Amino acid sequence: MFGFEYAALFRGLLPWLANNRILLPLGGTSNHFRRDVLEATGGWDPFNVTEDADIGLRLARSGYRCETLTLPTREDAPETMREWHNQRVRWLKGWMVTWLVHMRHPRALARQLGPVSFIVTQILFVGMVFSSLMHLVLAMTLIALSVQIALDQPWGIWQTRLVALDIASVILGYFCFLFLGWLVLEPKERRGFWKLCLFTPVYWTMLSFAAWRAVIELVRRPHHWAKTPHRKARSA
């Protein structure tokens, strides 16, 4: 699931944003900068645990473009559930911090980014975090309503509408996630795609738990950096 998600991001979303000259929240794998430009835009923020997204946004505000490379970087992926969870908590917390910092002056941000990149900023930063948080809420709501049906309790019109909204939101979210990933996969990589479909609800629930922990950390320790272990390169 992590590899599938990365494929959608680095083969699909980020290149599309770059090709259309839209804000590019950098992926943290391998970034290359002109030093004078990096220093002119403020350099790395040592207090932001998703510093790549922050610098991507600051570069865009200053009128610079970012491009993507097609060559793989051989990044170490998390190999345990704990490593993946800590990494995702860090990412989500950092995206929250980045949005909060840059939205201190929304009019200035909109003016510097332009209307398209400003809207994309809201969709990417707010949409990703909000959808991750709401998935667990929607799942718990569906469970509660299912229990109500099983117990043959009275059913109101508002509950019918709530169930319809929950189901539609979940299905649309799953579809967008799976469709974007499917588009960028090679034919041989699409074998066993049904397994990804089946595991998507579990994966999104894991994402939701990480998002809620990120909110807690944002309040309690916003600058804590849960580093992802990088192991020695394996011989071919």
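Here the structure is a predicted model, which means the values were calculated and not measured.
Taking Ile, Leu, Val, Met, Phe, Trp and Tyr as hydrophobic and joining them when side-chain heavy atoms fall under 4.5 Å apart, one finds I123 in a cluster with I119. Grouping Ile, Leu, Val, Met, Phe, Trp and Tyr residues whose side-chain heavy atoms lie under 4.5 Å apart, directly or via other members, places W194 in a hydrophobic cluster with L198. Counting side-chain heavy-atom gaps under 4.5 Å among Ile, Leu, Val, Met, Phe, Trp and Tyr, the cluster of V49 also holds W225.
Side-chain contact of H102 with R58: a donor-acceptor pair under 3.5 Å is absent, judged by distance alone.
The backbone N or O of T50 sits nowhere less than 3.5 Å from a side-chain atom of R90 that would complete a donor-acceptor pair.
Applying the side-chain contact (heavy atoms from CB on, under 4.5 Å) test to S62 and every residue at least two apart in sequence or in another chain returns T41, Y64.
At least one side-chain heavy atom of S169 sits less than 4.5 Å from a side-chain heavy atom of L138. The shortest distance between side-chain heavy atoms of M206 and M81 falls below 4.5 Å. Considering only heavy atoms from C-beta on, F2 comes within 4.5 Å of R88 through its side chain. Within the 4.5 Å cutoff, no side-chain heavy atoms of C176 are placed close to those of L180. Side-chain contact between N20 and W16 is present, with heavy atoms from C-beta onward closer than 4.5 Å. Counting heavy atoms from C-beta outward, F130 and L133 have side chains that stay 4.5 Å or more apart. Put simply, the side chain of C66 reaches to within 4.5 Å of the side chain of L59, judged on heavy atoms. Residues W84 and T80 fail the side-chain proximity criterion, which asks for heavy atoms closer than 4.5 Å.
Ring centroid separation for the pair F4 and F177 comes in under the 6.0 Å cut-off. Between F209 and W204, the gap from one ring centroid to the other reaches at least 6.0 Å. Close placement of the F175 and F179 rings is indicated, their centers lying within 6.0 Å of each other.
The minimum heavy-atom distance between G12 and V184, with the atom names listed, is CA-CG1, 3.7 Å. L23 and A60 make their closest contact through CD1-CB, 3.8 Å (heavy atoms, listed as atom of the first residue, atom of the second, distance). Closest approach of S208 and L136 over heavy atoms only: OG-CB, 2.8 Å. Smallest separation of non-hydrogen atoms from F125 and P25: CZ-CB, 4.5 Å.
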Show me, pair by pair, the donor-acceptor contacts under 3.5 angstrom made by side chains of residues 91-100, not counting sequence neighbours?
unit_1 : atom_1 : unit_2 : atom_2 : d
K93    : NZ     : E217   : OE1    : 2.8
K93    : NZ     : R221   : O      : 3.1
K93    : NZ     : H224   : O      : 2.8
T98    : OG1    : N48    : ND2    : 2.8
T98    : OG1    : G94    : O      : 2.8
W99    : NE1    : Q122   : OE1    : 2.9

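Applying the side chain to side chain donor-acceptor pair (under 3.5 Å) test to residues at least two apart or on different chains, the pairs with a partner in residues 126-140 are H135-Y174.
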_Verdict with reasoning, H85 to R213, per side chain to side chain donor-acceptor pair (under 3.5 Å)_ = CA-CA 10 Å; H85 177 77; R213 182 183 162 192; 3.2 Å; yes

